[in-house]
Amino acid sequence: MKLVLIITQKENEKNLEEAFVSRKYSLTKWESRGGFLKKKNYTFCLGVEDEKVENVLEIVKETCRTKEEMVGPMPAISGLSGETLAESSTKIKVGGATCFILDIEKVLRV
Ligand code: 2BA
């Protein structure tokens with residue numbers, strides 16, 4: 001069995017949850033926050049049989065959209081301001097989702 005952890009942006013949360021629930025996957029999710037952008041995102045946790053992992057990843061690919069965010073240097077760190085600061089902003093791609101797949105040693109329901 002595997003534990004699949006999926007981190008995705010809040011825009012994808014509802015669709016991803018509905019897609020999993022409608023396909024009878026059990027899940028736990030919690031609100032989380034990315035360390036770089038400091039924005040709210042969601043982490044989903046699913047314990048699944050090994051042969052279901054690919055299907056879970058397919059659902060993530062179908063459901064989670066990539067978005068673009070502008071990020072600029074922080075004035076206090078860069079010493080830049082005004083136009084110079086705006087000019088040095090860059091576009092980054094966020095998501096669709098970051099997935100981690102871990103081996104599960106044992107599952108207990110007590
Ligand atoms: P954040 O940490 O807020 O990162 C948002 C986006 O910023 C990332 O998108 C990436 O494009 C960029 N980014 C992150 N760290 C960076 C850095 N040190 N320098 C330059 N750009 C950076 P994604 O890669 O799609 O990640 C989306 C969210 O997934 C992340 O939000 C974080 O919450 C999580 N995540 C991504 N990789 C992770 C990892 N290796 N371990 C734990 N969480 C991760």
Side-chain angles (χ1 to χ4, degrees):
M1 237 184 141
K2 303 280 189 222
L3 184 71
V4 186
L5 287 177
I6 302 155
I7 304 165
T8 193
Q9 308 314 299
K10 67 176 178 350
E11 292 82 352
N12 298 320
E13 175 227 347
K14 287 215 159 27
N15 287 343
L16 187 59
E17 183 170 11
E18 279 169 23
F20 283 139
V21 171
S22 68
R23 290 166 172 89
K24 312 269 186 265
Y25 284 103
S26 291
L27 66 90
T28 300
K29 70 166 186 187
W30 56 87
E31 211 177 282
S32 43
R33 190 175 300 274
F36 187 68
L37 292 179
K38 316 274 185 226
K39 290 196 171 172
K40 188 199 286 185
N41 53 29
Y42 281 86
T43 302
F44 287 72
C45 166
L46 291 85
V48 294
E49 303 298 334
D50 288 17
E51 58 273 18
K52 298 270 178 70
V53 170
E54 279 313 310
N55 184 242
V56 165
L57 296 178
E58 279 306 314
I59 292 169
V60 173
K61 281 183 211 155
E62 281 166 19
T63 312
C64 294
R65 302 274 163 256
T66 302
K67 72 172 180 182
E68 290 188 332
E69 291 266 348
M70 294 301 293
V71 287
M74 295 168 72
I77 294 170
S78 67
L80 300 176
S81 60
E83 267 177 50
T84 320
L85 180 63
E87 280 165 14
S88 31
S89 294
T90 47
K91 212 182 263 184
I92 56 161
K93 285 202 165 126
V94 187
T98 302
C99 305
F100 299 98
I101 297 148
L102 296 83
D103 286 323
I104 294 178
E105 199 176 305
K106 198 189 275 188
V107 180
L108 286 178
R109 290 193 177 91
V110 289

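Atoms within a ligand are numbered from 1 in the order they appear, just like the ligands themselves. Note: hydrogens, waters and symmetry copies are ignored here, and every other heavy atom, side chains too, is used.
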Does Q9 have a heavy atom less than 4.0 Å from any atom of ligand 1? yes
Return yes when K93 approaches ligand 1 closer than 4.0 angstrom through a heavy atom, no otherwise. yes
When you look at I101 and V56, which way does the side-chain contact (heavy atoms from CB on, under 4.5 Å) test go after all the steps? CA-CA 11 Å; I101 297 148; V56 165; over 6 Å; no
So how far is it from Y25 OH to L46 CG, rounded to the nearest 0.5 Å? 8.5 Å
Would [X] count as being in polar contact with ligand 1, using the rule that some N or O on each side must be under 3.5 angstrom apart?
{"X": "G35", "answer": "yes"}
{"X": "I7", "answer": "no"}
{"X": "F36", "answer": "yes"}

Shortest non-hydrogen contact from R23 to I59?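 Looking at all heavy atoms of both residues, the closest pair is CD-CD1, 3.2 Å.
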Starting from [atom], which protein heavy atom do you reach first, and at what distance in Å?
{"atom": "atom 39 (C) of ligand 1", "value": "F100 CZ, 3.5 Å"}
{"atom": "atom 37 (N) of ligand 1", "value": "T98 CG2, 3.8 Å"}
{"atom": "atom 28 (C) of ligand 1", "value": "N41 ND2, 4.0 Å"}
{"atom": "atom 31 (O) of ligand 1", "value": "G34 CA, 3.5 Å"}
{"atom": "atom 6 (C) of ligand 1", "value": "I92 CD1, 3.8 Å"}
{"atom": "atom 25 (O) of ligand 1", "value": "G95 N, 2.7 Å"}

Check this for me: does any side-chain nitrogen of one of E13 and K10 sit under 4.0 Å from a carboxylate oxygen of the other?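 No, E13 and K10 are not salt-bridged.
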Please indicate whether K52 has more than 12 foreign heavy atoms, meaning atoms of other residues, nucleotides or ligands, lying under 6.0 Å from its NZ. no
Take atom NZ of K14 as the centre, draw a 6.0 Å sphere, and report whether it contains more than 12 heavy atoms from other residues, nucleotides or ligands. no
Could you list which atoms of ligand 1 come closer than 4.0 Å to a heavy atom of L37? 1 (P), 3 (O), 5 (C)
Any idea which part of V71 is under 4.0 Å from ligand 1, heavy-atom wise: side chain, backbone, both or neither?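 Answer for V71: neither.
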